[in-house]
Amino acid sequence: MGAPVVSTATWLATYLRLLAVQGSWNYETMLGNGIGFCAEPALRSLPGGANGRPYREALARNARYFNAHPYLAGVAVGALARAELEGVDPATIERFRAALSSPLGSLGDQLVWASWLPLCSLLSLAVFGLGASPLAVVLVFLLSFNVGHLGLRAWGLAVGFRRGLGVASALSAPVLRRAPLYFARGATALAGFAVPLTLHRAVGGDLSLALYTAAAAFAGALVVGRVARRSQGWRLALAAVALLVLYGVTR
Amino acid sequence: MNLAELLPLVLLGAVCGLDAVSFPQAMISRPIVAATAAGALAGSAGDGLLIGAVLELIALETLPFGASRYPEWGTASVVGGALFAQQGAHAGALPLAVFAALGAAMVSGSSMVAHRRLIGRAARRARAELENGSRQAIFRLQLGGLVADLIRGGIVTAVLIAVFLPIQRAAVEVWTAPAVISNAIVVGLAAAVAGGIVWNALPAGRRRVRGALIAVGVIAAVLVG
């Protein structure tokens with residue numbers, strides 16, 4: 001059966017709403033209400049339109065508890081909307097929802113938060129370390145990150161709607177499985193490049209001071225790496241900076 | 001800082017706070033962007049960029065997985081960028097601004113938790129309407145959450161700038177540690193946090209591979225630098 005026809009306006013409305021999918025994120029329904037909010041334009045095509053019973057029942061189903069990475073929520077929105085428009089029975093849709101949540105969460109976390117974001121962040125730090133202007137650094141970060149961000153949201157919505165209940169095969173594509181590894185390796189290499197240069201520029205360009213600071217930072221990284229399992233590194237940094245501030249104002 | 005100077009920063013903090021989770025998550029809330037923008041509004045984009053880079057090193061550690069609790073860097077970076085740009089020429093300004101930003105990240109992270117609980121209560125109250133497929137209830141919850149997050153970011157930014165600015169002004173007057181050394185300590189701490197997370201948390205494969213990649217990067221930095 002071919003995909004139900006969805007107008008360009010509906011596509012665009014759904015895509016734009018996906019940018020706000022986490023607007024009502026809470027510990028009870030998590031992303032649920034956001035999924036309903038995003039699927040709503042497509043569901044108006046159900047028999048009876050926005051005032052019909054099929055629309056209200058579908059909307060209620062879509063707004064229930066759900067969790068996923070926000071950039072991959074479009075996969076769920078597209079697939080669920082298609083299932084509703086094809087008249088798939090509600091029990092099947094509920095099972096599909098339950099099965100989809102975990103892979104969309106874990107894939108997105110590995111692909112975006114643990115690899116793509118650090119890669120773009122370190123790229124911008126590398127540009128900073130090379131002496132670029134504030135505008136250049138900001139643009140490098142925003143452009144590089146959002147090419148991936150917006151592209152992933154668009155791909156997710158498109159593949160969800162195209163594959164419907166068969167979308168799982170798209171999520172297990174080799175490129176999606178391998179991408180986090182390659183992004184993370186790129187980020188790791190960039191870290192070796194960007195952090196020393198950032199450090200050098202941030203301490204004012206004094207090479208000997210930068211070298212001493214880098215050596216101390218390396219030792220500190222080993223400590224952070226050991227204790228970060230029990231306490232987050234940023235909290236350690238806060239405590240250390242607090243001690244420095246106390247020393248600086250009381251000495 | 002008068003109201004005309006504070007208001008744009010509060011608006012920026014509100015927008016960055018919103019971007020952190022709710023809309024559009026385009027990462028304008030990342031320190032390298034938010035602090036630079038705040039610095040520009042407060043009179044020095046260069047100072048904003050410097051503290052933005054320092055905070056970005058620390059923020060590399062934050063992996064905002066779903067229901068986990070994490071610092072909110074958007075408003076924190078606006079606070080830090082604004083404070084540092086105001087006092088950047090003074091010794092102690094960077095450590096004080098970074099301290100304020102890290103404190104703000106913690107406070108703002110807690111405010112995010114409160115915001116989510118607020119939405120949860122609203123969702124419980126609207127449960128019957130939601131189960132009935134009410135479009136109005138869905139929209140009300142969604143838009144209410146967005147507006148509340150925007151207001152949250154603005155309030156947190158305003159309050160923390162108001163609290164930390166006089167503290168920073170007083171502290172730089174009595175700061176005795178040499179500026180170069182205290183700045184280097186802060187930068188070194190940030191680099192240590194970044195190094196720790198790069199080594200431990202990025203899914204880059206085995207230790208030898210990670211070590212080799214870092215070495216390649218360092219060699220490239222030495223050649224270029």
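The figures that follow rest on heavy atoms only: side chains count, while hydrogens, waters and symmetry mates do not. Owing to the predicted nature of the structure, the values given are computational and were not obtained by experimental measurement. All chains are named by letter (A, B, ...) in the order of the sequence lines, taking the proteins before the strands, and each is independently numbered beginning at 1.
With chain A as the partner, the residue from V33(B), L63(B), I58(B) showing the most heavy-atom pairs under 4.5 Å is V33(B). Chain A forms the most heavy-atom pairs under 4.5 Å with one residue out of A123(B), G195(B), G188(B), S134(B), and that residue is G188(B).
Between the side chain of R185(A) and the main chain of A204(B), a donor-acceptor pair closer than 3.5 Å is present.
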| request: Apply salt bridge (charged side-chain N to carboxylate O under 4.0 Å, His left out) to the pair E28(A) and R121(B), showing each step before the final yes or no. | output: CA-CA 9 Å; E28(A) 314 244 341; R121(B) 278 200 291 274; over 6 Å; no
| said: Applying side-chain contact (heavy atoms from CB on, under 4.5 Å) to I32(B) and V137(A), what does each step give before you reach the verdict? | reply: CA-CA 8 Å; I32(B) 199 92; V137(A) 172; 3.6 Å; yes
| message | Before you tell me yes or no, could you show the steps for Q22(A) and S22(B) under side-chain hydrogen bond (donor to acceptor under 3.5 Å, both in side chains), namely the whole-Å CA-CA distance, both residues' side-chain angles and the distance that decides it to 0.1 Å? | response | CA-CA 5 Å; Q22(A) 295 202 126; S22(B) 297; over 6 Å; no
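Y247(A) OH: 12 or fewer foreign heavy atoms inside a 6.0 Å radius. Counting non-hydrogen atoms of neighbouring residues, nucleotides and ligands closer than 6.0 angstrom, the OH atom of Y70(B) exceeds 12 such neighbours.
Separating the CG atom in L57(B) from the OG atom in S121(A) is a distance of 7.5 Å, to the nearest 0.5 Å.
Proximity of W199(B) to T188(A): side-chain heavy atoms (C-beta onward) are nowhere separated by under 4.5 Å.
For S182(B), there are no side-chain hydrogen bond (donor to acceptor under 3.5 Å, both in side chains) partners, not counting sequence neighbours.
Looking at N183(B), neither its backbone nor its side chain comes within 4.5 Å of chain A, counting heavy atoms on both sides.
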